[in-house]
Amino acid sequence: MTARIIDGKIISAELRARVAAEVARLKTEHGITPGLAVVLVGNDPASEVYVRSKHKQTQEAGMASFEHRLPADVPQAELMALIAKLNADPAVHGILVQLPLPKGLDSNAVIDAIDPAKDVDGLNPTNAGRLASGLFALTPCTPLGSIIMAKTVHASLEGMNALVIGRSNLVGKPLVQLLLNENATVTIAHSRTRDLPALCRQADLVFAAVGKAEMVKGDWIKPGATVIDVGINRTPGKDGGKDKLLGDVAFAEAKEVAGAITPVPGGVGLMTVACLLVNTVRAACAIHGLPKPAV
Ligand code: NDP
C-alpha cells in the first residue's frame, strides 16, 4: 500500500484561514492589527521570492506588512539602526530579517538585536532558551510547521520514537524541543552519526532536515512510519529545463513503505510562511497582554 500524502497545500491554507479569523477578531475586539516587518538585504533571487510570498500572504491574512529593502553593501550599523527602529515601532509585532545575509554582515549580531518579543523567526537565543526550558517562546517556523503536519496524522505524538536528522539552530534543534514538548522519544542524528539507516528503521516519525537530495532511502523507513521531509534541494533540470526541487527523502521509494509522507514541493515549505503568520499573531497577543490565540 502506498503512503498517505500529507498535503502542505491544504494544511497551510487551513492554517492561514485560522490566522485570518484570529486577525479579524483582534481587530474587532481589541483594535489591534498585527504587523510584520520583513527586512531584505541585497537581491538574492531565492530571498526575493520568499519575501514576495511573505508580503502577499501577510496582506491576505489581514495583517499589516512592512517591507524594508537595503543594498547588499549596507553598513552593519545602518542595519542595526533599522532593527532598533522596528523594535520601538508599536505597529510592528514581528520582525524577520531574511537570511542568509550578504557576506560582510554579522547575522548573529542582527538576530541578537531583535527584540525577543518580536522575533517571529524564533532564532534569538532568548527564544531558543525559553523553548528549551519549556516556557512560552516564539519558535522557528519550519519546525513548527513540521510538527503541525505530523499531528495531522497522529493526534498525539506521545511515546512515539522520533528521529530528527539534522541539528541546525533553524530546524533540527528546535524540532527536538518541540517533539519533547509533545512527549515523543527523540533521537537526533547528524553528519557524525553511525549507521543512520539502522537508526531510521526504528523510527515511527522521521524528520529529514539535512540538505542532501534524496539521501534517505526507501529501505531506511520502518513500514507504516510517518515521514516529514524538510529538505529543499534545487537540482538543475535536464537539457536546460526548469530546475527541479527535491527533498532529503527519496520520495518515490519511501512512499511505498511509509504510512504517510510529505511531498517536495507541496509539503513543509508551504507551512513555513503560514507559521510565520501564526507567530506574528502570537507575538501581537503577547505584546498586548492578551491570552494565546487559537492558532
Ligand atoms: P544546515 O546545513 O544548517 O544543517 C544540516 C544538518 O544536516 C547538519 O546538522 C548536518 O550535520 C546534517 N547532515 C549533513 N550531512 C549529513 C549526513 N550525511 N547524515 C546525517 N546528517 C547530515 O541545514 P538547515 O537545517 O538550514 O536545512 C536543512 C534542509 O532543510 C535544507 O535542505 C534546507 O533547504 C531545508 N529548509 C527548508 C525550509 C522549508 O521552509 N521547508 C526552511 C529551512 C531549511 P552536522 O551538524 O554534523 O554538520
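Atoms within each ligand, like the ligands themselves, are counted from 1 in listed order. On a predicted model such as this, the values are computed, not experimentally measured, just so you know. We count residues from 1, following the sequence as given.
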Worksheet item: How far is atom 8 (C) of ligand 1 from its nearest protein heavy atom, and which residue and atom is that?
Response: Arg167 N, 3.9 Å

Discussion item. Less than 3.5 Å apart, any donor N or O on the side chain of His55 or Ser65 sitting next to an acceptor on the other?
Written reply: yes

Worksheet entry | Protein contact of atom 42 (C) of ligand 1 - nearest heavy atom, named by residue and atom, plus distance | Thr142 OG1, 3.2 Å

Response to the item:
The protein heavy atom nearest to atom 40 (O) of ligand 1 is Thr272 OG1, 2.7 Å

Worksheet item: Which protein non-hydrogen atom lies closest to atom 44 (C) of ligand 1, naming both residue and atom, and how far is it?
Response: Val171 CG2, 4.0 Å

Worksheet item: Do the non-hydrogen side-chain atoms of Thr235 and Asp243 ever get within less than 4.5 Å of each other?
Response: no

Worksheet entry | Atoms in ligand 1 flagged as close to Gly166, the criterion being non-hydrogen separation under 4.0 Å | 6 (C), 7 (O), 9 (O)

Worksheet item: Charged N to carboxylate O under 4.0 angstrom, Glu22 versus Arg282?
Response: no

Worksheet item: Do we see a donor-acceptor contact under 3.5 Å between the side chains of Asp112 and Asn124?
Response: no

Fill in: Side chain, backbone, both or neither: the part of Lys212 lying under 4.0 Å from ligand 1 by heavy atom
side chain

Worksheet item: For ligand 1, which atoms, with element, lie under 4.0 Å from some heavy atom of Val230?
Response: 30 (O), 35 (C), 36 (N), 37 (C), 41 (N)

Item to complete: Counting heavy atoms only, name the option from Pro143, Pro140, Ala209, Ser146 that's nearest to atom 28 (C) of ligand 1.
Response: Ala209

Worksheet item: Does Glu14 come within less than 4.0 Å of Arg18, counting only side-chain N to carboxylate O?
Response: no

Worksheet entry | For atom 33 (C) of ligand 1, the protein heavy atom that lies nearest, with its residue and separation | Ile232 N, 4.1 Å

Worksheet item: Quick one: are Asn279 and Leu144 in side-chain contact, heavy atoms under 4.5 Å?
Response: yes

Discussion item. Tell me the protein heavy atom at minimum distance from atom 20 (C) of ligand 1, and give that distance in Å.
Written reply: His190 O, 3.2 Å

Worksheet item: Are the charged groups of Glu67 and Lys54 less than 4.0 angstrom apart, N to O?
Response: no

Worksheet item: If you count the atoms of ligand 1 from 1 in the order shown, which ones are under 4.0 Å from a heavy atom of Ile165?
Response: 20 (C), 21 (N)

Practice prompt. Please work out which of Ser191, Ser168, Pro100 has its closest non-hydrogen atom nearest to atom 45 (P) of ligand 1.
Written response: Ser191

Item to complete: Name the closest protein heavy atom to atom 43 (C) of ligand 1, giving the residue it belongs to and the distance to 0.1 Å.
Response: Leu170 CD2, 3.8 Å

Worksheet item: Is there side-chain contact between Ile6 and Thr226, with at least one heavy-atom pair below 4.5 Å?
Response: yes

Worksheet, complete the sentence: Looking only at protein heavy atoms, what sits closest to atom 29 (C) of ligand 1 is Gly211 N, 3.7 Å

Item to complete: For Met215, take its heavy atoms, then give the atoms of ligand 1 lying under 4.0 Å from any of them.
Response: 17 (C), 18 (N), 19 (N)

Worksheet item: Does ligand 1 have a heavy atom under 4.0 Å from the side chain of Val210, from its backbone, from both, or from neither?
Response: both

Discussion item. Looking at ligand 1, is there an atom of it that comes within less than 4.0 Å of some heavy atom belonging to Ala189?
Written reply: no

Discussion item. Other residues, nucleotides and ligands only: do more than 12 of their heavy atoms fall within 6.0 Å of NZ on Lys56?
Written reply: no

Fill in: Leu86 side chain near Val39 side chain, heavy-atom distance below 4.5 Å
yes

Fill in: Heavy-atom side-chain proximity of Cys275 to Thr272 below 4.5 angstrom
no

Practice prompt. Output the list of atoms in ligand 1 that are nearer than 4.0 Å to some heavy atom of Gly269, sorted by atom number.
Written response: 40 (O), 41 (N)

